[in-house]
Amino acid sequence: MNRVRASLFVLLLATALPASADIAVVVNKDSGISHVSRSDAINIFMGRYRKLPNGHLALPIDLTPLKARFYRALVNKDLATVNSYWARLVFSGEASPPQQLKNEAEVLELISNNANTLGYMDSAHVTSDVHVVLILGE
Amino acid sequence: MCRLLNLFRTRLALRATAAILLIVVILGVIFLALGIYLRTLSVEREQSDRIQELLTTVERTAQVGCFLGDAKLTQEVVDGLLSNDIVSSVTVRVGSGAVLASGSSGSGGPASTAISRVIYSPFDAEDAVCNIKLLPDQQQIDALVNKASLFIALALALQLTGIGICVVLVVVRFVTRPITSISHRLSELEAETGQKLKAPRGNRGDEIGQLVVSVNAMIDNLVQSLGEERRLRLEREIEERRYRAIFDTVDAGLFELDDGGRIRVANPAFRRLFDIPLSHDLTREPLLLASCISEGAPEPSELFEAKAGGRDERQWEVGIGDEALRRWVNLSLSPLGVGRLQGVAQDITARKEASDAAERMAVTDPLTGLGNRRGFERRLAVMSRHHRLYPERRHALLMLDFDHFKQINDTYGHHAGDRVLRRVGGILANLIRQRDYVARLGGDEFVVLLEGCADRDDVERLLMRFMEQLQTPVRMRDGEEVTVGASVGIAMLGLDTDDPQQALQYADMAMYAAKRAGRSTWRFHESGRVADPS
């Protein structure tokens with residue numbers, strides 16, 4: 001009974017505090033980009049646009065542990081589909097997938113050091129070093 | 001060609017087949033056109049479906065290519081589509097209208113309906129990233145349609161041939177052959193013997209059987225009427241023979257005249273009567289009726305005149321032969337038809353001669369052979385008519401009476417009297433001309449009519465000769481001789497009077513005047529004056 005009550009609580013908590021489960025798309029604090037639309041995010045992460053809204057070259061970064069959740073939230077596709085999408089593009093060589101990083105610390109570091117990078121992380125782990133431009137609810 | 005036409009005219013089966021085939025061909029062409037039309041629609045739909053499937057197959061890749069604006073990848077998609085032979089050309093345009101990739105295969109061919117599909121972003125179902133416009137290969141479609149049409153046409157042709165053969169066989173088996181067989185039997189049928197037409201086996205109950213029954217009924221009727229005809233002909237022959245026998249053996253002459261009055265037919269009796277030899281062929285050389293008759297022949301125009309009184313029969317009495325051997329024939333003619341007369345000729349010679357003799361007897365004085373009172377009256381009547389017609393001509397009427405004739409009778413007997421009368425009659429008959437007339441009115445009274453005698457002197461000359469001859473005595477049987485005197489009174493018709501009866505009276509009165517004047521003399525009637533010749 002307690003377990004059930006606890007689960008209910010957690011569920012309630014989860015809905016009451018969505019920010020803790022959301023994925024935040026972040027950029028360098030000094031990039032001057034305040035906001036990125038969802039479709040811009042799709043275009044950049046899926047290789048269509050190679051420029052940021054501010055006109056600089058865009059360097060999207062994938063966070064491997066959060067990758068499945070991110071693409072589910074962004075384009076509602078599973079990882080296999082996304083992978084096959086990129087595999088198709090390898091043939092023409094026109095576009096290339098985002099750089100793959102292992103953890104949020106690496107992401108934070110890379111973004112802090114490079115104004116052109118665009119990454120994502122659990123919104124709960126966002127620091128003041130980066131600027132959130134888009135929140136993706138799950 | 002001509003032979004084929006002839007075959008068509010003479011062969012029912014061929015004609016029926018041709019008609020049916022024509023109908024089937026027309027229907028076939030209509031069905032073929034419909035079939036081709038439907039087939040074209042269906043092929044086009046199939047092609048369209050296939051193209052849609054093709055597009056669906058490449059859609060994912062096209063989405064990616066367009067999403068990224070990847071010309072290479074999109075071109076790959078276009079080439080892939082073009083590798084299908086039903087695709088003629090493909091054009092991929094991005095939203096702005098620029099061509100991302102395009103291609104076409106082979107010849108342009110005829111225009112066809114383009115198929116286009118809007119390609120959406122693989123990640124956003126509402127974001128159209130490009131438009132694929134695809135032209136199907138019309139030539140390919142046409143080839144497919146043609147192939148299908150050829151198959152339909154071939155099938156139809158085979159069906160037509162089959163139907164044609166079947167129709168010929170059926171018509172020959174069920175129609176032509178029974179009719180031919182009936183025709184053969186009919187031509188060999190001896191209907192007069194009561195033979196009947198037999199229907200072909202298997203056709204007894206159908207229309208052909210009915211035809212045979214009808215033909216048999218017709219044959220029955222014909223045979224019956226033929227028999228009737230034959231019976232009537234036989235009857236007519238007998239009738240004709242009967243008539244011919246009468247015609248040949250009857251005593252009366254039977255004949256026929258044409259509108260020209262020529263004898264066309266005559267029986268032996270007629271030929272005997274008119275002296276026409278039996279060898280004379282009247283049908284080839286007709287004789288004019290008038291040429292056979294010497295007296296009283298009817299004019300040709302008279303023959304056909306309608307007779308007043310309504311009776312068609314008309315009669316003539318005609319004389320045939322010389323004066324000496326004159327025969328009299330009664331001709332009775334009646335119309336036989338248009339321009340034809342039928343006649344009966346009867347020999348009436350004997351009858352006519354008898355009646356003539358009786359006629360003569362009636363007006364003759366048997367004693368003297370001169371005319372009698374009746375003859376004189378008749379003659380006077382003729383004279384009267386004649387005088388009315390020609391009043392300027394004059395005639396003399398002499399009345400004669402013997403003097404003392406009664407004494408001769410009393411003295412010598414009646415024979416002597418008769419003898420004297422005969423003698424005087426003879427003298428008078430000798431003195432007068434042919435056209436004059438002498439008659440004994442009775443007893444010793446004679447009358448003489450001198451026709452056309454206008455002159456009294458002529459009369460006196462005649463009377464003087466008469467008186468002179470009267471002087472010669474008449475010898476009686478016993479040798480005695482007797483002389484008689486006569487008193488004569490004369491009246492002139494046309495001078496003294498115009499009435500013959502009056503003239504007779506005047507003559508009578510003049511005769512008595514002569515007697516009063518002393519007998520053996522004559523006196524003319526002259527009002528108030530009596531001439532004395534002495």
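Numbers restart at 1 for each chain; the letters A, B, ... are given by sequence-line order, proteins then strands.
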Colleague: Going by atom type alone, with no hydrogens or angles, which donor-acceptor pairs under 3.5 Å involve a side-chain atom of residues 60-70 of chain B and a protein atom two or more places apart or on another chain?
Modeller:
unit_1	atom_1	unit_2	atom_2	d
B:T61	OG1	A:R88	NH1	3.2
B:Q63	NE2	B:Y120	O	3.1
B:D70	OD1	B:K72	N	3.1
B:D70	OD1	B:L73	N	3.1
B:D70	OD2	A:S92	OG	2.7

Colleague: Tell me, side chain or backbone of A:L74 under 4.5 Å from chain B's heavy atoms, or both, or neither?
Modeller: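 Looking at A:L74, nothing touches chain B.
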Colleague: Could you note down all residue pairs passing disulfide bond (SG atoms under 2.5 Å apart) where residues 24-98 of chain A supplies at least one of them, sequence neighbours left out?
Modeller: none
Colleague: Is it the case that over 12 heavy atoms from other parts of the model lie below 6.0 angstrom from the CD atom of A:E109?
Modeller: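 Open: at most 12 neighbouring heavy atoms sit under 6.0 Å from CD of A:E109.
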Colleague: Test of understanding: with side-chain hydrogen bond (donor to acceptor under 3.5 Å, both in side chains), list the residues that count as partners of B:Q52, not counting sequence neighbours.
Modeller: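 side-chain hydrogen bond (donor to acceptor under 3.5 Å, both in side chains) check on B:Q52 returns B:R117.
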Colleague: Would you please go through residues 76-86 of chain A and name the residues with a non-hydrogen atom below 4.5 Å from one of chain B, in numerical order?
Modeller: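 So the qualifying residues are A:K77, A:Y85.
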Colleague: Could you state the interatomic distance from CZ (B:F123) to CZ (A:R48), rounded to the nearest 0.5 Å?
Modeller: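 If we round to the nearest 0.5 Å, B:F123:CZ and A:R48:CZ are 10.0 Å apart.
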